[in-house]
Amino acid sequence: MDTLWDNIEKLSAVCRAAGAHLPDEELKALQVGKVAEEAGEAMYALHGLK
């Protein structure tokens, strides 16, 4: 059974492969931005439940 961190590592590998043509710093910035975007959507959904 995969742990949460196993899944995170797999997802990170997919992101790295998709962004292989980008400089490392740009790829990291895009990944952080995507995580922030998803967190914002989760907060918006939670707010909608209240």
Side-chain angles (χ1 to χ4, degrees):
M1 176 191 281
D2 290 344
T3 66
L4 175 61
W5 287 110
D6 292 332
N7 290 330
I8 290 170
E9 288 177 9
K10 289 176 185 176
L11 181 57
S12 179
V14 169
C15 290
R16 281 193 310 273
H21 62 286
L22 298 172
D24 284 343
E25 291 304 314
E26 186 175 348
L27 181 58
K28 288 177 187 175
L30 289 171
Q31 288 175 334
V32 169
K34 184 61 177 172
V35 169
E37 176 189 3
E38 295 301 326
E41 290 177 9
M43 287 299 300
Y44 185 74
L46 181 61
H47 181 71
L49 290 174
K50 290 186 174 187

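Just so you know, these numbers come straight off a predicted model, no measurement behind them.
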*Asks:* Would the number of heavy atoms belonging to other residues, nucleotides or ligands and lying under 6.0 Å from CG of Asp6 be above 12?
*Replies:* yes
*Asks:* Quick check on side-chain contact (heavy atoms from CB on, under 4.5 Å): which of Lys10, Glu9, Arg16 does Ser12 satisfy it with?
*Replies:* Arg16
*Asks:* Once side-chain contact (heavy atoms from CB on, under 4.5 Å) is applied, do any residues pair with Glu26, and if so which ones, sequence neighbours excluded?
*Replies:* Leu22, Pro23, Leu30
*Asks:* For residues 32-50, tabulate all N or O donor-acceptor pairs below 3.5 Å that involve a side-chain atom, not counting sequence neighbours.
*Replies:*
unit_1 : atom_1 : unit_2 : atom_2 : d
Lys34  : NZ     : Glu37  : OE1    : 3.4
Lys34  : NZ     : Glu38  : OE2    : 3.0

*Asks:* Taking side-chain hydrogen bond (donor to acceptor under 3.5 Å, both in side chains) as the test, write out the residues that go with Asn7, two or more places apart.
*Replies:* none
